Amino acid sequence: WLKPNTNIFVDLVNTVGSLYQIFFMSIVVSATKPFICFSHPNNSGSSVVDTPSILCFEDEAHTALAVIGILSLFLVPVPFLALTVYGIVQYPTLVKGGTGTGGKIQLMSFRFMYFRFVPSCYYYSIVLLLRGLALCLVPVVVRNDIGLQIFVMGIIVATSVVVQQSLQPWRLASTNILDAVMSVIMLMLLFLGALVSDVTASMDSIRILGSLLAGVFVLIVLVGITVGMYLRFQPTPYYHMFICHHKGHAAAQARLMKVLLQR
């Protein structure tokens with residue numbers, strides 16, 4: 001029932017790695033739940049959101065939950081993230097046939113990191129993991145300000161859309177479009193959640209973030225105008241045909257020139 005030349009170890013690593021990628025965010029969310037707290041009125045302490053009867057950093061129960069959460073992070077998500085970084089860093093060497101037979105086995109074992117993306121974006125799996133990790137850590141880092149949490153999550157998702165559309169990392173064009181559409185739907189769900197919930201936002205946060213966004217917008221406009229004026233008064237030379245000296249393309253360019261001249 002096994003195919004010829006099947007390597008059980010390679011298939012096992014790819015299967016487990018794919019499952020880790022699927023459940024990565026769920027594991028991180030479960031491990032960080034003890035650190036998601038809300039403040040009591042009059043700043044009289046804080047409680048765990050899922051279990052308000054447990055006081056954050058005061059009860060022994062919370063200490064036990066925090067220890068379990070930290071151990072869970074360092075036993076599952078952190079090692080997997082480190083392994084992914086290692087596989088991404090080693091990819092160019094492994095593709096070139098480095099480290100001998102062991103390198104080939106490593107390349108095939110890390111296939112779950114690369115096979116969904118175009119060769120130029122072999123590293124994109126780490127981008128997806130970091131995006132998921134950032135979304136999971138927003139409620140931990142930003143507390144007592146639901147409006148700011150929604151804003152930060154929106155920035156993370158919007159940035160991922162810009163990066164994804166710029167790189168076009170997926171092998172299929174339809175997958176790139178589907179990824180962008182799903183991210184836009186996620187943004188809409190965030191906006192709908194803000195509309196239907198009793199969101200309380202800090203005016204100081206709104207003031208700071210509004211000023212920051214306005215400054216970034218003005219900066220982008222000024223950079224665009226400056227680049228446009230530079231290109232207008234200092235245009236780059238245009239060539240109908242340019243034969244480069246790059247070894248990887250020179251032969252093809254010379255062959256094309258020969259075919260055109262023979263017509």
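This one's a predicted model, so the numbers in the text were calculated from it and none came from an experiment. These numbers come from the heavy atoms of this one structure, side chains and all, not from hydrogens, waters or symmetry mates.
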Can you tell me how far the CZ atom of F24 sits from the CG atom of L133, to the nearest 0.5 Å? 5.0 Å

Compare all side-chain heavy atoms of V16 with those of Y20 and state whether any distance is below 4.5 angstrom. yes

To the nearest 0.5 angstrom, please state how far the CG atom of D179 sits from the OG atom of S174. 11.5 Å

Apply side chain to side chain contact (heavy atoms under 4.5 Å, CB included) to residues M153 and L135 and explain how you reach the verdict. CA-CA 6 Å; M153 288 185 177; L135 289 173; 4.2 Å; yes

Out of curiosity, does V48 fall in the hydrophobic cluster containing V67 (side-chain heavy atoms, cut-off under 4.5 Å, transitive links)? no

How about Q164 and N176: does a side-chain donor come under 3.5 Å of a side-chain acceptor? yes

Looking only at heavy atoms, which two atoms of G17 and F80 are closest? And how far apart? O-CZ, 3.7 Å

When you measure from the side chain of T63 to the backbone of D59, do you find a donor-acceptor pair of N or O atoms at a distance under 3.5 Å? yes

Residue Y122 excluded, over 12 heavy atoms near OH under 6.0 Å: yes

Run the side chain to side chain contact (heavy atoms under 4.5 Å, CB included) check on L55 and H40 step by step: do they pass? CA-CA 10 Å; L55 299 178; H40 297 166; 3.4 Å; yes

Angle class for the F117/Y124 ring planes (parallel below 30°, perpendicular above 60°, tilted otherwise)? perpendicular

Contact check, side chains of L187 and S183, non-hydrogen atoms, under 4.5 Å: no

So, do T159 and I156 sit near enough that their side-chain heavy atoms are less than 4.5 Å apart? no

Would you please say whether a donor-acceptor pair under 3.5 Å links the side chains of R116 and Q21? yes

Got F151 and I155 here, is their nearest side-chain heavy-atom distance under 4.5 Å? yes

Are more than 12 heavy atoms, taken from residues, nucleotides or ligands other than M25, located less than 6.0 Å from that residue's CE atom? yes

In the single-linkage hydrophobic clustering (I, L, V, M, F, W, Y; side-chain heavy atoms under 4.5 Å), do M113 and V85 co-cluster? yes

Sidechain-backbone polar pair: Y114 side chain, G87 backbone, donor-acceptor under 3.5 Å: yes

Passes side chain to side chain contact (heavy atoms under 4.5 Å, CB included), S47 versus F38? Steps please. CA-CA 6 Å; S47 297; F38 68 93; 3.8 Å; yes

Over all atoms of both residues, closest heavy-atom pair of T84 and S125: CG2-OG, 3.9 Å

May I ask whether V118 and I88 are part of the same hydrophobic cluster, defined by side-chain heavy atoms of I, L, V, M, F, W, Y residues being less than 4.5 angstrom apart, directly or through others? no

So which heavy atom on C37 is nearest to which on P34, and how close? SG-O, 3.9 Å

Whether the side chain of R143 engages the backbone of I36 through a donor-acceptor N/O pair (distance < 3.5 Å, no angle test) should be reported. no

Distance, nearest 0.5 Å, that separates CD1 of I27 from OG1 of T32: 11.5 Å

From K258 NZ over to L261 CG, what is the distance, rounded to the nearest 0.5 angstrom? 10.5 Å

A side-chain contact here means heavy atoms from C-beta on lying under 4.5 Å apart; do L83 and F110 qualify? yes

If you round to the nearest 0.5 Å, how far is CG of L94 from CD1 of I105? 11.5 Å

Nearest-0.5 Å distance that lies between atom OG in S109 and atom CG in N14: 6.5 Å

Any side-chain heavy-atom pair of L81 and I126 under 4.5 Å: yes

Exam field: side chain H62 to backbone F57, donor-acceptor pair closer than 3.5 Å: yes

Would V221 and L212 show up in the same hydrophobic cluster when neighbours are defined by side-chain heavy atoms closer than 4.5 Å? no

Closest approach of V140 and C136, non-hydrogen atoms and distance? CG2-O, 4.2 Å

Side chains of P92 and V95 in contact at under 4.5 Å (non-hydrogen atoms): no

Indicate if Y123 and V162 have the same hydrophobic cluster label, given that clusters are the connected sets of ILVMFWY residues with side-chain heavy-atom separations under 4.5 angstrom. no

